[in-house]
Amino acid sequence: MFELDVRSRKPIYEQLTDKVKEMIMHGILRADEQLPSVRTLSSQLTVNPNTIQKAYRELEREGYIYSQQGKGNFVAPLQQGQNESKRAELKEELLRLMAEAVYLGFTESEMSALYRQALDKRREENSHD
Amino acid sequence: MIEIRGVSKIFQEEKAVDNISLTVHKGAIYGLLGSNGAGKTTLLKTLAGIYRPEAGSVKLAGQPVYESPEVKRRMIFMPDSPYFFAQATIKSMAAFYRSIYPGWSQKRYEELRTMFRLDTRRKLSRFSKGMQRQAAVWLALSCKPDVLIMDEPIDGLDPVMRRQIKNLLFQEVAERELTVLISSHNLREIEDLCDHVGIMHEGRMLVEKDLDDLKADTHKIQVAFRDERHAAALDAKLQILHREQRGSVSLYIVKGDRERISQAFHVYEPYVFDLLPLTLEEIFIYEMGDAGYDAQPIIL
């Protein structure tokens, strides 16, 4: 269920946390859904179990998942404000992309058209739920 | 689980290992890296209780290792070239290991047979290097050790077997907290395998850290300044391991916190700024360069 890029410079545990966050935000992983165990994931991905454990701990610290003694790790219900850090990160990324777009001559209306397109796509995804 | 404190080993005036301390926690996979002749094998052999250190202590779960059969029963040392008795087969070696190691599991041995698919009745001396290596791993894991010490274990294994053995080690770590200590030159393999690394040079330990922390602590930066004079001002603020000029773009290797470094550069509003994590190989080369072991002097 996860694909990692072992050639990437990004540390494996960061790739894992990013992947899980992405899946939660896109609703692929639902609230209270169980995540694969450290053991299962380790043998599926051929990744050090300590690295997976570390990624799960980090996700729990950030409030994306919760763990239950002896049962495993589960997706935490999405809370407002939890996305603060992700929002800040995204803002920076958008600004960088927009600066590039402005340089290449994108107009304001072209950009807002893109925003609407993203909004429609999101609505469409939700209607399948 | 493994505690090495201030260990030195001297061979005729020559200090092969010089005052080394090292800790490996239970369930960790520790990678020991180093330049040629850095003393890795000497350190591993001292840990295995083959050498007696001139100074310092080597303990496993709080017990000294040297000349202690009880402690040694809990660990397996796999030397860089597998050793088997003359004329031995896997079957006869298995019987020997069974008689020595109380933790020997016949069940595990049979389970692993299906994976390794080696002929247990054939003479080990007639096996290829890679097959001998497989046999050594098979026998070692059948003993169910608490600690596994491997000197250059990947040597001679094909990619399929490497992956299989990696998976086996991960399984043992996840299920029963096996502690693994590995030395290797193959940094790519170590990067995928280990969670902690130590880098040795001339008998001493240069760095010892959580692998992810080590990677998060050193960065490669590509930058193009608006004004060349800005570069000099940065030296005072950051710990720069390496700098290289490639046309109008400068390449930096900087130690420290990602955010802080990024801010230090952004003060000068560079045209181009790219911050990348380093690969283990790059970390190794720059750390070695910092210790005076590099191919050429750095030209500023």
Side-chain angles (χ1 to χ4, degrees), chain A residues 2-20 35-62 67 70-73 84-93 95-97 99-100 102-104, chain B residues 24-31 115 159-180 182 188-197 210-220 258-259 262 266 271-283:
Chain A
F2 301 105
E3 263 320 308
L4 298 176
D5 179 6
V6 290
R7 295 190 153 268
S8 162
R9 285 171 177 272
K10 208 159 146 191
I12 300 282
Y13 93 95
E14 237 181 85
Q15 288 190 40
L16 269 172
T17 50
D18 286 356
K19 194 62 117 199
V20 173
L35 287 151
S37 74
V38 171
R39 232 182 81 195
T40 314
L41 210 52
S42 165
S43 67
Q44 269 175 9
L45 303 172
T46 317
V47 165
N48 188 326
N50 296 319
T51 305
I52 294 167
Q53 189 64 55
K54 192 171 160 184
Y56 278 180
R57 265 205 310 272
E58 179 63 21
L59 283 165
E60 189 174 1
R61 202 182 59 77
E62 291 181 28
S67 67
K71 284 192 179 163
N73 295 286
E84 253 354 275
S85 65
K86 185 73 196 169
R87 278 182 69 115
E89 202 178 294
L90 209 58
K91 206 167 149 184
E92 200 143 298
E93 180 81 350
L95 202 64
R96 197 182 60 75
L97 283 174
E100 216 167 294
V102 168
Y103 178 80
L104 292 173
Chain B
V24 186
H25 299 292
K26 193 169 164 53
I29 306 182
Y30 189 106
M115 196 199 107
V160 176
M161 260 307 143
R162 244 181 275 176
R163 199 184 163 93
Q164 287 268 37
I165 288 174
K166 243 192 262 180
N167 259 330
L168 267 180
L169 289 179
F170 290 156
Q171 200 185 341
E172 299 274 323
V173 169
E175 277 171 25
R176 51 180 206 93
E177 294 201 294
L178 171 72
T179 308
V180 187
I182 282 178
R188 201 58 214 94
E189 291 293 337
I190 289 280
E191 200 165 5
D192 292 347
L193 196 59
C194 299
D195 40 74
H196 287 74
V197 289
D210 181 306
L211 182 55
D212 290 320
D213 289 349
L214 189 66
K215 285 175 134 189
D217 196 42
T218 321
H219 314 273
K220 185 177 188 166
R258 180 159 55 187
E259 281 301 306
S262 169
H266 276 297
Y271 290 120
V272 180
F273 179 81
D274 262 326
L275 193 147
L276 301 165
L278 283 182
T279 61
L280 187 56
E281 184 167 335
E282 286 169 322
I283 293 174

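Chain naming here is simple, since letters A, B, ... match the order of the sequence lines and numbering starts at 1 in each. Source: prediction; values computed, not measured.
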Just one of B/Leu211, B/Val180, B/Asp195, B/Asp192 clears the side chain to side chain contact (heavy atoms under 4.5 Å, CB included) bar with A/Asn48, so which one? B/Asp195
So which of B/Thr279, B/Val173, B/Asp212, B/Leu278 has the largest heavy-atom pair count under 4.5 angstrom toward chain A? B/Asp212
B/Phe170 CZ to A/Thr51 OG1 distance, which is reported to the nearest 0.5 Å: 7.0 Å
Please identify each residue that fulfils side-chain hydrogen bond (donor to acceptor under 3.5 Å, both in side chains) with A/Asn73, with sequence neighbours left out. none
B/Glu282, part contacting chain A, at a heavy-atom distance under 4.5 Å: side chain
For B/Leu193, is it the side chain, the backbone, both or neither that has a heavy atom under 4.5 Å from a heavy atom of chain A? backbone
Atom of B/Lys215, atom of A/Pro11 and distance for their closest heavy-atom approach: NZ-CA, 4.5 Å
Within 6.0 Å of CZ in B/Arg188, more than 12 heavy atoms from elsewhere: yes
Is it true that atom CD of B/Glu175 has more than 12 heavy atoms of other residues, nucleotides or ligands lying nearer than 6.0 Å? yes
Any side-chain heavy atom of B/Asp210 within less than 4.5 Å of one from A/Lys54? yes
Heavy-atom pair with the smallest gap, counting every atom of B/Arg163 and A/Gln44: NH2-O, 4.3 Å
For A/Gln53, all residues meeting side-chain hydrogen bond (donor to acceptor under 3.5 Å, both in side chains), sequence neighbours excluded: none
